[in-house]
Amino acid sequence: QARLVESGGGLVQPGGSLRLSCVTSGFLFEHYVVAWFRRAPGKEREGLSCSHDDGNLYYADSVKGRFTISRDNAKKTLYLQMNRLKPEDTAEYYCGATSGVINGYELDPDSYDYWGRGTQVTVSS
């Protein structure tokens, strides 16, 4: 069975940085589209960034220029480097995976089949 485990969250001051990891197993990571999402209290899950198996990358406007997605297929691990963090970035962060997505729906949570349980990121002074 597919398993995705996020780590790297924590408390950070505004302007700081965090690097999240998503270690996966149980599916062909190198052939899957993988992505990062977040959910703030009282809000819907928001797609942040997607990495296609061919290396094509997508970013939401809210994080473009601050967050960087990357993948290590040998380690079956997805990363999210988060810089210049803002209080509004506070949320539970999730990784997801799918065997394929419809063009234009790369950041739609409904496109994804497998999910981790999340890691909390809190940005506060």
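Keep in mind that what you see is a predicted model, and the values were worked out from it rather than measured. Any value given below was found using the heavy atoms of this structure, including those in side chains, with hydrogens, waters and symmetry copies removed.
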**Student:** Can you list every side chain to side chain donor-acceptor pair (under 3.5 Å) pair that touches residues 2-17, not counting sequence neighbours?
**Tutor:** Ser17-Asn83

**Student:** Supply the atom-to-atom distance Asp113 CG to Tyr32 OH, rounded to the nearest 0.5 angstrom.
**Tutor:** 7.0 Å

**Student:** Got a sec, which residues hit disulfide (SG to SG under 2.5 Å) with Cys95, two or more places apart in sequence or on another chain?
**Tutor:** Cys22

**Student:** Which pair of heavy atoms, one from Cys50 and one from Val33, lies closest together, and at what distance?
**Tutor:** SG-CG1, 3.3 Å

**Student:** Between atom OG of Ser21 and atom CG of Leu80, what is the distance when rounded to the nearest 0.5 Å?
**Tutor:** 9.5 Å

**Student:** Any link between Tyr79 and Val12 through a network of hydrophobic side chains (Ile, Leu, Val, Met, Phe, Trp, Tyr) touching at under 4.5 Å?
**Tutor:** no

**Student:** Rounded to the nearest 0.5 Å, what separation is found between the CZ atom of Phe29 and the NZ atom of Lys75?
**Tutor:** 12.0 Å

**Student:** Can you name the nearest heavy-atom pair linking Glu30 to Asp53, along with the distance?
**Tutor:** O-CB, 3.4 Å

**Student:** Looking only at atom types and distance, does a side-chain atom of Arg71 sit under 3.5 Å from a main-chain N or O of Gly55, one as donor and one as acceptor?
**Tutor:** no

**Student:** Taking atom NZ of Lys76 and atom CG of Leu28, what is their separation to the nearest 0.5 Å?
**Tutor:** 6.5 Å

**Student:** Treat each ILVMFWY residue as a node, draw an edge where side-chain heavy atoms are under 4.5 Å apart, and state whether Leu57 and Leu107 are in one component.
**Tutor:** no

**Student:** Are Tyr114 and Leu48 connected into the same hydrophobic cluster when the rule is that any two of I, L, V, M, F, W, Y join if their side-chain heavy atoms are below 4.5 Å apart?
**Tutor:** yes

**Student:** Over all heavy atoms of both residues, which pair between Tyr59 and Thr68 is shortest? Give the atoms and the distance, please.
**Tutor:** OH-CA, 3.4 Å

**Student:** Tell me whether Glu44 at atom CD has more than 12 heavy atoms from other residues, nucleotides or ligands lying less than 6.0 Å away.
**Tutor:** no

**Student:** Does any N or O in the side chain of Ser111 come within less than 3.5 Å of the main-chain N or O of Tyr105, such that one atom is a donor and the other an acceptor?
**Tutor:** yes

**Student:** Has Ser49 got a side-chain atom pairing as donor or acceptor with Tyr58's backbone, closer than 3.5 angstrom?
**Tutor:** yes

**Student:** On the 0 to 90° scale, with breaks at 30° and 60°, tag the Phe67-Tyr93 ring pair as parallel, tilted or perpendicular.
**Tutor:** tilted

**Student:** Do Leu4 and Ile69 sit in one hydrophobic cluster, given that two such residues count as connected whenever their side-chain heavy atoms are within less than 4.5 Å of each other, even indirectly?
**Tutor:** yes

**Student:** Taking the inter-plane angle between the rings of Tyr94 and Trp115 on a 0 to 90° scale, is it parallel (under 30°), tilted (30 to 60°) or perpendicular (over 60°)?
**Tutor:** perpendicular

**Student:** Could you report the tightest heavy-atom contact between Tyr112 and Ala35, atom names first, then the distance?
**Tutor:** OH-CB, 3.4 Å

**Student:** If you round to the nearest 0.5 Å, how far is OG1 of Thr24 from CG of Asn73?
**Tutor:** 9.0 Å

**Student:** Where do Ser125 and Pro14 come nearest, in terms of heavy atoms and distance?
**Tutor:** N-CD, 3.6 Å

**Student:** As an exercise, state the distance from CG of Leu18 to CG of Asp89, rounded to the nearest 0.5 Å.
**Tutor:** 10.0 Å

**Student:** Any Lys/Arg nitrogen of Asp61 or Lys64 sitting under 4.0 Å from an Asp/Glu carboxylate oxygen of the other?
**Tutor:** yes

**Student:** Donor-acceptor pair, Thr90 side chain versus Val123 backbone, under 3.5 Å?
**Tutor:** yes

**Student:** Which atom pair, heavy atoms only, marks the closest approach of Pro109 to Arg45?
**Tutor:** CG-O, 3.6 Å

**Student:** Between Leu20 and Val5, is there shared hydrophobic-cluster membership here, with clusters defined by ILVMFWY side-chain heavy atoms closer than 4.5 Å?
**Tutor:** no

